[in-house]
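Below: the structure, in structure tokens.
Below, each value reflects all heavy atoms present in this structure, side chains not excepted, and no hydrogens, waters or symmetry copies. Computed from a predicted model, the values in this text were never measured in an experiment.
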Amino acid sequence: MKYIDEYRDGRLARRVAAQIAAEARPDRRYRLMEFCGGHTHAIFRYGVQDLLPASVEMVHGPGCPVCVLPVGRLDMAIRIAKRPEVILCSYGDMLRVPGSRRTSLLKAKAEGADVRMVYSARDALELARAHPEREVVFFAIGFETTTPPTAVALRQAAAEGLPNFSVFCNHVLTPAAITNILESPDVREIGTVPIDGFLGPAHVSVVIGSQPYAFFAEEYRKPVVIAGFEPLDVMQSVLMLIRQLNDGRAEVENQYTRAVTPDGNLKAKTLVAEVFELRRTFEWRGLGVVPYSALRIKQAYAEFDAERRFAEPYVRARENRECLCPAILRGAAKPLECKLFGTVCTPENPIGSCMVSDEGACAAYYAYGRRLKVAASA
Ligand code: SF4
């Protein structure tokens, strides 16, 4: 299959691994954060970490949209879903994430709330058209990749004058999260690990382009390589980061040239700017309150904003104390350090969001890396 098979070629992977082994200095460590959960899964699914020398450590980042949503926002969605007039729609993963007191949207559904799984914002629009007597709320989550389709749905609802459609907006921004990882006093207090360079997101960068990362490279002297999601993409990007670090360079490089340009998708960015504006603050699981790190719906589309329509307050909620998701999301812990991993917490019975989503680090370790736990405890 074009653009897939050639990026999973084992022979080529061994060649790149040999280059990495030759160029990574044994007397230093390379702590490289892969921002995206998609990269974490590629690393585990294809055994990339096993091909890297001991001096190269992959640190998992917060780039999983389901994982970073704090319990308080999920509780808001559950309260909205429990209103008798509401049909609440969201992506499948979100339904299983535990909220406060082990509730979830799925449990709310079992108790009678009308919660439906959809594949897109468009599906939610169709439900609103089909049920004019109900309030259809789209629970929108995600980074810059999923924001444009939500903007399209809002514009469409406005054009059609669909009074029973609204969006509960939880779209978040990648550059703000990376800045927070690098400089926030909060994160420093709660602990993090030193990071030498970043594997930048693939799909997000298709939309926003490579330019927004120039700031980290210049201001924090951290190299960034925008990396595709196939195993050879990841390995080539690791090699590019090692070369930058060895040379003392801190630049933005683009490995994923088949899809990412410096400016990104201008049409999508214009659309997003028309419908959304920055929130002053937004709480992230693991990162705490991050300034200007999320979007809200602009006044021009206020009538389709579920937060204004239902006036549900945001109440900060406590995480399950035993769950290490917050530390894992900021790169300060690994899933195998959690004592609930694979015993109390499994994909069938997730205690934290990192075990739910396909992009969650705990789910990746559970699917592909459990043998590491067995080896560690042997
Ligand atoms: S294994 Fe479960 S409880 Fe532990 S950090 Fe991961 S999601 Fe949280």
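Judged purely by atom type and a 3.5 angstrom limit, N349 uses its side chain to pair as donor or acceptor with the backbone of V344. Of the possible polar contacts, one joining the R279 side chain to the L295 backbone as a donor-acceptor pair under 3.5 Å is found. For Q255 (side chain) and G228 (main-chain N/O), a donor-acceptor pair under 3.5 Å exists by modelled atom type. For the pair N164 (side chain) and A128 (backbone), a donor-acceptor distance under 3.5 Å is present. Proximity of a side-chain donor or acceptor of R309 to a complementary backbone N or O of E303 within less than 3.5 Å is detected. Using a distance-only test at 3.5 Å, with no hydrogens or angles considered, a donor-acceptor pair links the side chain of K107 to the main chain of R102. Checked by atom type and distance alone, the side chain of R83 pairs as donor or acceptor with a backbone atom of F310 at under 3.5 Å. At distances below 3.5 Å, not a single donor-acceptor pair connects side-chain atoms of R155 with backbone N or O atoms of L271. With T150 contributing its side chain and A121 its backbone, the two residues share no donor-acceptor pair below 3.5 Å. No side-chain donor-acceptor contact under 3.5 Å links E23 to the backbone of L239.
With sequence neighbours excluded, the residues forming a salt bridge (charged side-chain N to carboxylate O under 4.0 Å, His left out) with R79 are E312, listed by chain and number. D263 meets the salt bridge (charged side-chain N to carboxylate O under 4.0 Å, His left out) test with no other residue; sequence neighbours excluded. In this view, H60 and F44, Y365 satisfy the ring-ring contact (aromatic ring centres under 6.0 Å, His included) rule, not counting sequence neighbours.
Both L32 and V16 belong to a common hydrophobic cluster when Ile, Leu, Val, Met, Phe, Trp and Tyr are linked at side-chain heavy-atom distances under 4.5 angstrom. By the rule that hydrophobic residues join a cluster once side-chain heavy atoms approach within less than 4.5 Å of another member, V118 and L162 end up as members of one cluster. Transitive grouping of hydrophobic side chains (ILVMFWY, heavy atoms separated by less than 4.5 Å) brings F138 and M117 into a common cluster.
Contact detail for F276 and I297: the closest heavy-atom pair is CE2-CG1, 3.8 Å. Taking all atoms of both residues into account, the shortest heavy-atom contact from Y368 to R45 is OH-CD, 3.5 Å.
Side-chain contact, T174 with E144: a donor N or O sits under 3.5 Å from an acceptor N or O. For the residue pair S205 / Y213, a side-chain donor-acceptor distance below 3.5 Å is found, with atom types taken as modelled. Inspection of the S210 and N254 side chains reveals no N or O donor paired with an N or O acceptor under 3.5 Å.
With a 4.5 Å cut-off on side-chain heavy atoms, E6 and D9 do not count as touching. Two residues are said to be in side-chain contact when any heavy atoms from C-beta on lie closer than 4.5 Å; L340 and M355 fail this criterion. Under the 4.5 Å side-chain criterion, counting only non-hydrogen atoms from C-beta, R116 is in contact with L127. Considering only heavy atoms from C-beta on, R11 comes within 4.5 Å of R15 through its side chain.
Between F143 and F35, the ring planes lie perpendicular to each other; the angle is over 60°, past the 30° to 60° tilted range.
Among R8, H39, R258, the single residue meeting the side chain to side chain donor-acceptor pair (under 3.5 Å) criterion with D233 is R258.
Here L266 sits alone; no ILVMFWY side chain lies under 4.5 Å from its own, so it joins no hydrophobic cluster.
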Indicate every side-chain donor-acceptor pair of residues 285-292 with a distance under 3.5 Å to a residue at least two apart or in another chain.
unit_1	atom_1	unit_2	atom_2	d
R285	NE	C67	O	3.0
R285	NE	L69	O	3.2
R285	NE	S353	OG	3.4
R285	NH1	E319	OE1	3.0
R285	NH2	L69	O	2.9

Exercise answer: donor-acceptor pairs, residues 215-227 side-chain atoms, under 3.5 Å, sequence neighbours excluded:
unit_1	atom_1	unit_2	atom_2	d
Y220	OH	E183	OE1	2.5
K222	NZ	I195	O	2.7

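The distance from the CD1 atom of I208 to the OG1 atom of T261 is 11.0 Å, given to the nearest 0.5 Å. Atom CG of L324 and atom SG of C362 lie 8.0 Å apart (nearest 0.5 Å).
Contact check on R73 versus E307 returns a salt bridge, with a Lys/Arg side-chain nitrogen under 4.0 Å from an Asp/Glu carboxylate oxygen. Salt bridge annotation for E57-K334: present, with a cationic side-chain nitrogen under 4.0 angstrom from a carboxylate oxygen.
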